[in-house]
Asks: 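Let me give you the structure first, and then I'll get to my questions.
Labels below follow one simple rule: chain letters A, B, ... track the order of the sequence lines, proteins then strands, and each chain is numbered from 1.
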Amino acid sequence: MSHSGFHAFKKVRSMGVEQKFAQAVFVIGPTASGKTALAHQLFEQLQSELKKPCQLVNIDAFQFYRSVSIGVAKPTSQEISSYGYRGIDILEPLGSMDAARYAEFVWGACREISDNGRLPVCVGGSGLYLRSVLHGLDPLPERNDALRQMFRASAQAWGWPALHGWLKTLAPLRAAQLHPNDKTRIERALEIVFQLPEGVAPESVFQSTQTLAKQELLGSSYVIRVDCDDDVLRRRIASRIDAMFASGWLSEVKNLQQQFGAEFALSQAGKAIGYREIIAALAENEAPDAPQISELKARIATLTWQYVRRQRTWNAKERFDWEFDSTDGIAKIQFPASFLSFLDHYHA
RNA sequence: GGCGCUUUAGCUCAGUCGGUAGAGCAGUAGAUUGAAAAUCUACGUGUCCCCAGUUCGAUUCUGGGAGGCGCCA
């Protein structure tokens, strides 16, 4: 395994932050808040009013799987082509992605779009992915599934708190930041420690990160945060779920299961909100009746709302330049001065 | 109408051999460095259905009443 990324990191850090994209607009916000609608409107008005062609880039962690569409609120194929979306349908349904790899993809896409004289507009609600694109992740050793399997087997036998204890002997500072039950991060921390090059002290790698607002940006960015009143958002979520079922969400899941069997449920895409629940419901009853469907919808709405809360917690720490209230829907946009000056700066 | 079961947190239910009660889910808040729509953490006072009785003390026992479910008529 190569650690060139790690050494490159040291070098870059000592010379200051490297720009990863020239200039980009980001549209962030919780699910169903209207990010996508706002981005589309932005596209239109930038084109017609400001003569500024742009192109959309997806930063949603679940929209890049082919054939996994309805439940992840993917734009239609027509929208994908007319807005020049990048980063959608770039993986097979069973594929997997990670934040660092995706950040590279987005940076590349933004560079290409800029090189073609357009403005990249990145849309998405995944906190970690946004963070890695906007601020970057330290180039730590990469994901290693063989190691992970080993850790999981140990955890099965001894429990995660025991692995946490193990981490404590290897990287006490990092261990102190993690709860003994936090399996995802304990696993990742051990994975990093085990792959460090000879002579690199774990404690030198695990440095506490600054708050998001203070972290340097990897390009010139303008962040629009979209949100709306709770009751409006709740209603939108409910009606969006209804619409998803109406447009054949169940058959989409059935097809995926037919094609990939149990593999799909275990895949990353299969863990998206709603997919898990539908898979479970279909396992109980191949043709759910009306009461079962409405129970399923309610369950999915609950999970979606919980997700909204997590997104807001994350977004609250992220810097933003313009807060857009979508409570009354999204009509014609009045561009704020800060946005216009951001664009001017781009021309200069 | 008779018999049986049941009534406890927003919901589903434990439990207290009599000393006023706790799980799951929901809710709220927080965390988040390559699975992130993932994962993890913290937060639990409610006329224990009502009335009366026994008792130092009843959500718990006894009697009556009311609601729910089931069976028999």
Asks: Syn if the chi torsion is within 90° of 0, anti otherwise; quick check, which is B:G34?
Replies: syn
Asks: On a whole-Å scale, what distance lies between the C1' atoms belonging to B:C3 and B:C61?
Replies: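 That atom pair is separated by 23 Å.
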Asks: With a 3.5 Å distance limit and no angle check, can you tell me whether A:Glu203 reaches the backbone of A:Leu173 through a side-chain donor-acceptor pair?
Replies: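 Pair found, side chain donor or acceptor close to backbone of A:Leu173.
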Asks: Which value, in whole Å, describes the distance between the P atoms of nucleotides B:G22 and B:A9?
Replies: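 The same atom, P, in both gives a distance of 14 Å.
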Asks: Can you list, by residue number, the residues of residues 91-99 of chain A that have a non-hydrogen atom closer than 4.0 angstrom to RNA chain B?
Replies: A:Met97, A:Asp98, A:Ala99
Asks: So A:Trp305, base contact, sugar-phosphate only, or nothing? Heavy-atom distance under 4.0 Å.
Replies: sugar-phosphate
Asks: Assign each of A:Thr313 and A:Ser126 to its nearest nucleotide of RNA chain B by heavy atoms, then name whichever residue's nucleotide is nearer the 5' end.
Replies: A:Thr313
Asks: Return the orientation label for the A:Tyr85 and A:His40 ring planes: parallel under 30°, perpendicular over 60°, tilted otherwise.
Replies: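 The rings of A:Tyr85 and A:His40 stand perpendicular, inter-plane angle above 60°.
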Asks: Please report the distance separating the P of B:G64 from the corresponding atom of B:C72, rounded so that it comes out in whole Å.
Replies: 25 Å
Asks: Using whole Å, what does the distance between atom C1' of nucleotide B:G30 and atom CG of A:Asn315 come to?
Replies: 15 Å
Asks: Name the residue from A:Glu44, A:Gln78, A:Gln55 that meets the side chain to side chain contact (heavy atoms under 4.5 Å, CB included) definition with A:Tyr83.
Replies: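 Passing option: A:Glu44.
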Asks: Measure the distance from CG on A:Leu130 to C1' on B:A36 and round it to the nearest whole Å.
Replies: 12 Å
Asks: Could you work out the separation of B:U62 and B:G18 based on their P atoms and round it to a whole Å?
Replies: 10 Å
Asks: Sort me out a list of protein N/O and nucleotides 22-25 of chain B N/O pairs below 3.5 Å, or just none if empty.
Replies:
none

Asks: Which part of the nucleic acid, if any, lies within reach of A:Arg276 when heavy atoms closer than 4.0 Å are counted: base, sugar-phosphate only, or nothing?
Replies: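 Sugar-phosphate, backbone atoms only, no base.
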Asks: To the nearest angstrom, how far is A:Glu318 atom CD from B:A31 atom C1'?
Replies: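 Taking atom C1' of B:A31 as the reference, CD of A:Glu318 is at 16 Å.
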Asks: Quote, to the nearest angstrom, the P distance that separates B:G15 from B:C40.
Replies: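 So the two P atoms sit 29 Å from each other.
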Asks: In whole Å, I'd like the distance from the CD1 atom of A:Ile59 to the C1' atom of B:A37.
Replies: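 Those two atoms, CD1 and C1', are 15 Å apart.
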Asks: Taking any heavy-atom pair under 4.0 Å as a contact, classify A:Gly71: base, sugar-phosphate, or nothing.
Replies: base
Asks: Does the side chain of A:Gln41 come under 3.5 Å of the side chain of A:Gln45 through a donor N or O and an acceptor N or O?
Replies: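 Distance-only check passes for A:Gln41 and A:Gln45.
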Asks: Figure out the NZ/P separation between A:Lys271 and B:C40, and round it to whole Å.
Replies: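 Whole-Å distance recorded here is 12 Å.
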Asks: On a whole-Å scale, what distance lies between the C1' atoms belonging to B:C11 and B:G53?
Replies: 34 Å
Asks: Rounding to the closest angstrom, what is the interatomic distance between B:A14 and B:U55 at atom P?
Replies: 32 Å
Asks: Name the orientation class of the two ring planes belonging to A:Phe62 and A:Tyr65 (parallel below 30°, tilted from 30 to 60°, perpendicular beyond 60°).
Replies: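 Answer is tilted, since the angle falls between 30° and 60°.
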Asks: Can you tabulate the close N/O pairs, meaning under 3.5 Å, that link protein atoms to atoms of nucleotides 41-44 of chain B?
Replies:
residue, atom, partner, partner atom, Å
B:U41, OP1, A:Asn181, ND2, 2.7

Asks: Quick one: pull up CG in A:Leu46 and CZ in A:Phe339 and give me the separation to the nearest 0.5 Å.
Replies: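 Interatomic distance, A:Leu46 CG to A:Phe339 CZ, rounded to 0.5 Å: 5.0 Å.
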Asks: A cation-pi test, strictly: NZ or CZ of A:Arg225 under 6.0 Å from the centre of the six-membered ring of A:Trp322 and no more than 45 degrees from its axis. Yes or no?
Replies: no
Asks: Hey, which of these two, A:Arg240 or A:Arg188, hits RNA chain B nearer its 5' end, going by closest nucleotide?
Replies: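 Comparing both residues, the 5'-ward one is A:Arg188.
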Asks: Can you tell me how the ring of A:Phe342 sits relative to the ring of A:Tyr222, calling it parallel under 30°, perpendicular over 60° and tilted otherwise?
Replies: tilted
Asks: Just how far is it from atom OG of A:Ser221 to atom CZ of A:Phe320, taken to the nearest 0.5 Å?
Replies: 13.0 Å
Asks: A:Tyr129 near the nucleic acid: base, sugar-phosphate alone, or nothing, with a heavy-atom cut-off under 4.0 Å?
Replies: sugar-phosphate
Asks: Which of these nucleotides, B:A36, B:G34, B:G27, is closest to any side-chain atom of A:Phe62?
Replies: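 Nucleotide nearest to A:Phe62's side chain: B:A36.
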Asks: Are there more than 12 heavy atoms of other residues, nucleotides or ligands under 6.0 Å from atom NZ of A:Lys168?
Replies: no
Asks: Within the 4.0 Å heavy-atom criterion, would you say A:Arg174 contacts the bases, only the backbone, or no part of the nucleic acid?
Replies: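 Counting heavy atoms under 4.0 Å across all strands, the contact made by A:Arg174 is with sugar-phosphate only.
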Asks: Specify the separation, in whole Å, of atom CD of A:Gln311 and atom P of B:A31.
Replies: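 Answer to the nearest Å: 15 Å.
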Asks: Suppose you measure atom C1' in B:U47 against the same atom in B:U8; what distance do you get, rounded to whole Å?
Replies: 12 Å
Asks: Mind checking the SG-CZ spacing from A:Cys122 to A:Phe21? Nearest 0.5 Å is all I need.
Replies: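 Here the rounded value is 7.0 Å.
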